[in-house]
Amino acid sequence: MKIVRAGVIILITVAIVLGVSIPMVPKPQSFFEYPIIPGLEEKARNIFFHVPVAWTTVVAFLVSLWYGYRYLRTRDIQYDLKSSASAELGFVFCFLATITGALWAKFNWGSFWNWDPRETSIFVLLLIYGAYFALRSAIDVEETRARLSAVYSILAGLTVPFFIFALPRLVGGLHPGSAGDASGQTPVAQLHMRGLMLLNFFLSMIGFNLLFVWLLNLRVRIARLEYHHSLQSM
Amino acid sequence: MKFQSTYALVMKDVRSELRTRYALNALLMFVVTSVTTVLFALRSDNPSAQLLAGMFWVVVFFTAMSGLSRIFVSEEERGTTLTLRLLTIPSVVFVGKLVVNCLLTLTLTAAVSVLYVWAFPGFAIVSWDVFIATVFLGSLGFASASTILAAIIAKANVRGSLYPVLAFPVLVPLLMTVMNATARALEGETIALAFGDLQVLVGYLLVMTAGSFLLFDYVWVE
Amino acid sequence: MMTLAVQAKNLQKDFNRRTIFKGISFELGEQRSLVVTGKNGSGKSTLVKIVAGLLSATKGSVEYRTGNTNVSIDDIRDRIGFVSPYLNLYDEFDAVENIKVLSSIRSSSVPTDSAIQTMLERVGIAARARNLVRTYSSGMKQRLKYAVAAIHKPDLLILDEPTANLDEEGAAVVRSFVREQEERGILVVATNDPAEIRWGKIIVRL
Amino acid sequence: MNVKIIVGAIVIVAGIVLSAVNFVQSNVEYGDFATAAQTGKKIQVKGEWVRDMESRFDAEKAQFSFYLKDDNNKVVRVVLEGARPNNFELATSVVAKGRMAGAEFHATEVLTKCPSKYEGNAEAVKKTL
């Protein structure tokens, strides 16, 4: 975990410094220049933060779901600690992704919120996390709580394909790569990014994912200490 | 599959419901009051098909949330949950309760449909085939997602308010699709145009039914 | 029908970070009876619930065998009878309806009217057979629970607090069920009554 | 038990495929000006800004107006209640939300879609617009 912590500090620092300080010019010649993207300009720098945070949200949800499934198979309470800790972190990242996204949307698309398919999806993900915590707080017995919240998160996970496939039919998309987009491409999926920008994007991506791993590890260790403390005080 | 046991469980619930009117009376009264409220809100205006279709499913959603959890909560309150668990396997309980929930939801959507057609001149259904297919598939989808949630909610302390909180995120894809398809039916689009929506509804129904069928064992056996 | 055998191996149950009991093992073959005893909160009910498949154990397992084949609890649910304060009947049905409804959920064979009548006379509530259970006293409800649990001649009969709410006449009915079960198959009883503890050939003290 | 899981998994995959096929087949449902005129409903119209026709901001009424060509190549004057949106002239396509009023489209909101390539140089991107 020391390596992970060092990685987090280095990668995120580098990503922030590079992300903020590298100049944007119309015709980048040197490696240490970003292209100006018409319509995005300096706002394009948000891609180093918004996209990794949103991505980490999804990772956290999947990790929580996986540990929930492990709990149901093994009935080992350790997995429930991991599952709920991952959900807590996922909620924080989800919140950050929503904020960074709404700000970007305001200055690029013209409004904070437009119920674009991905905006709708992340809003529903926020609701799922909210419902998950509400359910947990409404059940007293630890084993029942672990079991039922794991089932709920798996059930919620089953709706994910509908947000990916069915939702874009119903609401128009503004995100790059949405159906109906003239180019049909996304900067992230097809990696339409120039040299250093791409490198910086990946540094940030790895950095934020490691940050999640490190925080999850800390959170689980705290939960374990609390668990053993409560065992001793009984 | 233990068809006999499932049938017996469904008949037990139907007879019990007809005798006590535990869920049915509350559901129907809820329908009447909420449709009246919508009527008050929209009477002076000339609401669009989109708006009416949306309000139709808003009424269905909140009414369902007020009543559908009863199928498991009532067992929990009477202390018969363990009796059922003793008598039969989880799959029988799930399928039986799913069937009962489908019957309740279909009754509910039928009642809302009749009231809407009667109360709102703007709610004129042009494509009956689209409307009936949408309401039918939507009701079954509703029931399939809410049955296992009802079983979860029966184990929690605060039941009434938690149910819609848990159900809404899971039902969002269904709600958006049925609202869209219902608006199409009001605007008179053919079933070929609405085919995509109906396909999504069938897909949702399959995924939710199979998913909760597999997950139910973990909810039911402590 | 093959005889049923039940074997518990090293059972442990945790509940809210508290270990209720651990290391419980026993084996019940044909005509064996088990009594679980222990002070309040020691997990008597929890243990019999685990035997009946109503609750899963935290560690260890309960295995069921018919003849020489291992079967799962779900295969033999129609061969179990269970009477306890926490297994309730349907208030809105009368005694006959309860027996019919619960039997038909349990298995495909529904008892005949005359079998039900005989059983209700045996437990002493035949006179009120057509009244809703809602109107019954707690002792009458307990008697009806015996009728439901024994009507299908179970191979495994589990009694938690067998004579709770019952008068002396009711207790005599219970003793007749116990003797009958000792002839037929396995009997599991959770109790603190010294007289009832003597029913067990195996005694587990929690 | 295993049969149950396999059958369940197959049904789940079938359900997902059923809705996914649908996604590939049909596109986002933006309206066009023809349907907007026909139904008179509030609608989202996606199209291209017609650069060589007049676009101006009327400071008195606080309205911005421009011409939009929808996917059926129908050109209609769009009047937005408000100032010119950010990045307006750089957008690859424009989404106007509103309803028809006579021959004009009255928009309550105009959103701009942005280019999705972060690599090129600006001149090249502008040429493709």
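What's counted below: heavy atoms across the whole structure, side chains too, no hydrogens, waters or symmetry copies. In this text the structure is predicted, and so the values were computed from the model without any measurement.
When all heavy atoms of D/G8 and B/A210 are compared, the closest pair comes out as O-CB, 3.6 Å.
Shown here is B/F62, whose CZ atom has no more than 12 heavy atoms of other residues, nucleotides or ligands within 6.0 Å. Residue B/F136 places its CZ atom among 12 or fewer non-hydrogen atoms of other residues, nucleotides or ligands, all under 6.0 Å distant.
Partner B/V207 forms a side-chain contact (heavy atoms from CB on, under 4.5 Å) with one of D/V13, D/I12, D/V11, D/L18 and no other, that one being D/I12.
Going from atom OH of B/Y204 over to atom CD1 of D/I16 covers 12.5 Å, rounded to the nearest 0.5 Å.
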